[in-house]
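A short worksheet on the structure shown next.
Proteins come first, then strands; the chains are lettered A, B, ... in the order of their sequence lines, and each starts at number 1. Computed over heavy atoms, backbone and side chain alike; hydrogens, waters and symmetry mates excluded.
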Amino acid sequence: MTTPLHFQTVTELSAALAAGSLTSVALTEAFIARTHAVEARVQAFNSYDTDDALAQARASDARRAAGQALGPLDGIPVGMKDVIAVRDQPLTASSKILAGFVSPYDATVTTKLRAAGVVLWGRLNMDEFAMGSSTENSSTKVTANPYDLSRIPGGSSGGSAAALAAGEAPATLGSDTGGSIRQPAALCGVVGLKPTYGLISRYGLIAYASSLDQIGPFGRTVEDVALLLQAIAGHDERDSTSFKAVIPDYRAALTAPRTHPWRIGIPKEYFGDGLDPEVSAAVQGAIAYYKSLGAEIREVSLPHTPYALAAYYIIATAEASSNLARFDGVRYGHRSAEADNLHALYFKSRAEGFGSEVKRRIILGTYVLSSGYYDAYYGRAQKVRTLIREDFIKAYGEVDVILTPTAPTPAFKRGEKSDDPLAMYLADIYTIGVNLAGLPAISIPCGFTTAGLPIGLQLIGQPFAEADLLAAAYAYDATHDWAKRTPNL
Amino acid sequence: MTYEAVIGLEVHVQIKTRSKMFTRVAAGYGQPENTLTDPTVLALPGALPVMNKAAVDAIIKAGLMLGCEIAPVCKWDRKNYFYPDSPKNYQISQYDQPICIGGTVEIELPGPARNIQGEHKGIPLTRIHLEEDVGKLNHGVGGSLIDYNRAGTPLMEIVSDPALRSADEAYAYLQSIRTSIVYAGISDCDMEKGQLRCDANISIRPVGDTKLGTKVELKNLNSIAFVRDGIAHEIARQIAVTKAGGVIVQETRDYDGIAGTSQSLRSKEMAHDYRYFPDPDLMPVKVDADWKARLAAELPERPFDKQRRFMAAEADGGYALPYTLASVLIPDRELSDWFEQAAKLAGAGRAQAVGNWIVNDLLRELAASATVLATAKVTPAALAELVGLVAAGTLLQHSAKEVFADMVATGEAPAAIVARKGLAAAPTDTAELETWCRDSIAANAKAVAEFKAGKESALNAFKGAIMKAAKGKANPKAVDETLRRLLAAL
Amino acid sequence: MQIDIDHLAMLSRLALTPEEKVKFSAQLGDIIGYIEKLKEVNVDGVEPTAHATPIFNVLQADDPRPGLSVEDALRNAPVQRDHMVVVPRVVE
Ligand SMILES: [Mg+2]
Ligand SMILES: [Zn+2]
């Protein structure tokens, strides 16, 4: 039985388009049809524009007919987390404060995807302003985990992971500040990459925590993710934090011959209390597989790991409290109907526009920056950040990549942790260190629980060594068919 | 008890760049509302800042002009506060690591009379940092309307130590900064266009005290005259309050320059807590010796150095200009350069004459014809030539005025004008002049006797008849020499 | 941990309901209690990290390029008049 179009990989679809056995219009129509069929249950999209998508698809087919196809992604639909600007399309960050906002400009990744011929397909649900680990903090809708509709898809890029897992898009983009790509990828059984800080332009990405945010791709396979990364990586003069890195051929690197066996570091601090036994077993299985490939497995120590979450919440909320000040109901966005003076304009528009988690983080961020507390919190967190980064750099003296679980547990039930923010924050304990250190990391599926919930493992690479990281992930992913499993919807 | 004032000034100067501080949309003044914006200026979701190199160059130049130390590394911070003219609701500024540290502004105080140079002193600077301007609020009946054209314009803030002691010092300080900044081409410092803005922190204390009193921040000092008046007014107010047994409260006051009054800006909000932190969107800047040297090479001479040089004796490489002339020429870099060119061409001993022509005649003619120096038809070489003709006695001063007017109007060379209009001093033939002199001596026996007796002024008695014979164009120097020679031979 | 929720709400420009104040105070108390654990770390002599990837001197040429049209600039403005954004009258 052939895999339906909506569950095929980008690599497969790209080959079919190149061979002429498929048109982009037919492909786009297939995803529109699939979306119409399952979206009522999955609730992954905040908005989509079928006319616009089909117009892009027709343009792609016309290019191909003229012998001017733009590359392997030409004609492939790609969904975008609703935090990346697309000109003339809504942009909401799943927040009421941006209800009705239409972007007058393109993000740099959007420009790059257009240049690659991609069909920009829909804006995907997320935790409001990317603050959360379950996508429950969305003001628009609650996205379901396609493997169990009563469970959360992870977050904050829950819509991006769920749409892909549900076959509503063959690839998507998300953003990752503390694990927001990797954790939902793990919970939805897909591949998600958080690139090195500075590899992908943040221009046009609504900022949550500027020093931690990175855009990254979701795909069914590591190979698909490599193709997407190729299209969006590279220096951007509009982003001061963008790095002038040499961009290699990521797909070619997947199968490039290696001079020495993989040296894989296992940080002991990532396998302690709170790790679900089924997750632990699946990850141990993957470690055993790498060993069978001839990889050298070494225990490493990242001693400041216990402090990463605290440092993260200080830095991220501090930056967020300032980044979100621009949402004030003055130039755009929600303005309270009671804004009859300036005070009310600010206080009421923001109170009505932001959800609870956003308010909580703005207040926390304001607190840690406020007069008299800066040194105790923000200043100290920045120093702890240095120590966390140094831990990784030291570990990379002896290993090529570091392997950990992506999330401590599989997808939890909707509502389970809603009233306990601190418990929710603990869902990120294995992913935030990577953001603090600015490193690249990928989550790939490595099994399912007995209840049929996906499990992911995380590989953490060295700065700007995405080619190596993807190759290490590919060594596992290409020989396992977790990606072939699809949810029953 | 007598009181002294302690004043610190915060001067904001808009930097003259083509594009904005953190994005490449054009910067400008007087454009239709909201036509100079982009996603970054409007703080649209997702927009990011990237720094304008020309603005950084400009502030380094300002720092070098004012003797600041240029920090080897500086960084960018966010100053968080909400206001509708501030699109991000934070201002990108510099907090604990500004780009320019220390420095001194040399000021010249008013002398006892306009023609007497006053005392010079150095006012220490705390720092200069770079930041961005906000948009403009237009207050109307139905609300306030916001134009973001100005938002994101590069701005530098020059902060003095609390080292100024009077309104006159503050005024002199601001003048000096303005002159230096304009000299270096960093800004036009037009206060009317908001290119230079000044806030003052003012306190008083009994003379002899070293402790600082409670300071009041005075805002809206939006003309250079208002700065002096506003500060004088505030000092007087504080002294009056104190003498009446009152207490000075720490507050911000708004000065109304027209009415000459100030009122407290009731802090509608709470104490400010700006929550400064390093801007994660911007990378630090390292300024190395090469970068500094490149910019230093582009700097003009400092205005007061130039003034000292102009006033120095010719033997010391100067032009021996009197203060009255120097003080007019120096504030205008272009004018003083023009002077120097003309003075060099005119040669030794003639700089003052050149200066006089510029200050008394050129400026008047330019003003009358609404022309600026850059487009004036008259050249330094032409003025030098004119001064030469007068010095040589071939052109009389009052004729020279007529020649000069033509030079300004047409750009014609002075010699050509003199020839065309027949304005050369007469006669050119020394024999004829000698005849007129002999005739005059012969007719004035009394004056001859007086002169012989040592009365110098008796010489003038011969001149009327000579001038009459020469129809007013006799070369006075030649007349003088000839008379003396003939009288000596008697 | 005592936090001044009113002051923080004021700095944040958030009108909080009495219920929110109670709830947030408690939750923030927990979180702040948790982040206090950073005090255990010896950070003597450690340089702060503001940026994950250290880069210096990211500067662009002073060379203007087109920005937004007035229409695009004001496209999302809640209230506008005469090509400007309108807010309730700001009292100086
Ligand atoms: Mg200031
Ligand atoms: Zn300032």
Side-chain angles (χ1 to χ4, degrees), chain A residues 83-85 91-93 95 97-98 101 103-108 129 201-207 209-213 236-242 315 318-319 321-328 330-333 342-343 345-347 350 365-374 378-379 382, chain B residues 22-25 34 37-52 75-92 95-96 135 137 139 142-148 151 268-285:
Chain A
V83 75
I84 298 169
L91 177 65
T92 73
S95 180
I97 211 157
L98 280 176
F101 182 85
S103 178
Y105 79 108
D106 270 343
T108 296
F129 285 106
S201 170
R202 294 185 297 113
Y203 185 77
L205 167 72
I206 298 182
S210 314
S211 77
L212 303 164
D213 299 338
D236 179 16
E237 59 171 21
R238 291 181 188 266
D239 175 0
S240 304
T241 63
S242 168
I315 291 167
E319 292 180 8
S321 69
S322 175
N323 285 334
L324 270 58
R326 67 184 58 192
F327 302 100
D328 59 2
V330 173
R331 300 161 314 288
Y332 52 81
L342 192 61
H343 184 274
L345 170 62
Y346 286 141
F347 283 75
R350 287 165 62 81
T366 301
Y367 173 79
V368 297
L369 287 176
S370 60
S371 160
Y373 292 105
Y374 182 93
Y378 193 78
Q382 283 193 316
Chain B
F22 294 110
T23 183
R24 278 175 43 191
V25 70
N34 290 310
T37 77
D38 68 3
T40 302
V41 170
L42 292 174
L44 293 188
L48 294 172
V50 182
M51 213 176 304
N52 182 338
K75 69 176 176 71
W76 310 89
D77 301 284
R78 292 185 184 178
K79 179 181 183 181
N80 295 284
Y81 66 94
F82 283 77
Y83 209 69
D85 59 8
S86 166
K88 298 183 294 295
N89 287 320
Y90 60 79
Q91 182 191 32
I92 302 174
Y95 182 52
D96 55 348
L137 284 169
H139 305 294
S144 296
L145 281 67
I146 317 170
D147 170 16
Y148 293 102
K268 2 167 205 228
E269 353 207 309
M270 44 303 204
H272 281 294
D273 180 351
Y274 292 124
R275 287 155 288 132
Y276 281 101
F277 74 105
D279 192 328
D281 289 329
L282 289 165
M283 297 305 192
V285 169

So, do N89(B) and Y346(A) sit near enough that their side-chain heavy atoms are less than 4.5 Å apart?
yes
Kindly indicate whether the side chain of S240(A), heavy atoms from C-beta on, has any atom under 4.5 Å from the side chain of F22(B).
no
What residue, out of V83(A), N323(A), L212(A), has the most heavy-atom pairs lying under 4.5 Å from chain B?
N323(A)
Using non-hydrogen atoms and a 4.5 Å limit, figure out which bit of Y276(B) sits close to chain A: side chain, backbone, both or neither.
backbone
Are N34(B) and R331(A) linked by a side-chain donor-acceptor pair shorter than 3.5 Å?
no
Interface moiety of F277(B) toward chain A, non-hydrogen atoms closer than 4.5 Å:
both
Mind listing the closest non-hydrogen atom pair of P45(B) and Y105(A) along with its distance?
O-OH, 2.6 Å
With side chains defined as the heavy atoms from C-beta onward, is the minimum distance between P278(B) and Y378(A) less than 4.5 Å?
yes
Options L324(A), I206(A), L98(A), L345(A), ranked by heavy-atom pairs under 4.5 Å with chain B, top entry:
I206(A)
Flag side-chain contact, heavy atom, 4.5 Å: D281(B) against R202(A):
yes
With distance as the sole test, does R326(A) use its side chain to make a donor-acceptor pair with the main-chain N or O of L44(B) at under 3.5 Å?
yes
Between Q382(A) and chain B, which part of the residue has a heavy atom less than 4.5 Å away: side chain, backbone, both or neither?
side chain
Given heavy-atom pairs under 4.5 angstrom as the criterion, report whether the side chain, backbone, both or neither of A93(A) touches chain B.
neither
Is the backbone of S371(A) close enough, under 3.5 Å, to the side chain of D273(B) for a donor and an acceptor to pair up by distance?
yes
For L91(A), which atoms come within 4.5 Å of any heavy atom of chain B: side chain, backbone, both, or neither?
side chain
Quick check on N80(B) against chain A: is it the side chain, the backbone, both or neither that has a heavy atom closer than 4.5 Å?
side chain
Is chain B contacted by the side chain of Y203(A), its backbone, both, or neither, given a heavy-atom distance below 4.5 Å?
both
Counting only heavy atoms not in Y81(B), do more than 12 sit closer than 6.0 Å to its OH atom?
yes
Do you know which of P84(B), S144(B), P49(B) has the most heavy-atom pairs with chain A at a distance under 4.5 angstrom?
P84(B)
Measure the shortest side-chain to side-chain distance between S321(A) and Y90(B) over non-hydrogen atoms and say whether it is less than 4.5 angstrom.
no
Using the rule given for side-chain contact (heavy atoms from CB on, under 4.5 Å), can you reason through E237(A) versus V50(B), listing the C-alpha separation, both sets of side-chain angles and the distance that settles it, and then say yes or no?
CA-CA 8 Å; E237(A) 59 171 21; V50(B) 182; over 6 Å; no
Who among S370(A), S322(A), S211(A) has the most heavy-atom pairs with chain B under 4.5 Å?
S322(A)
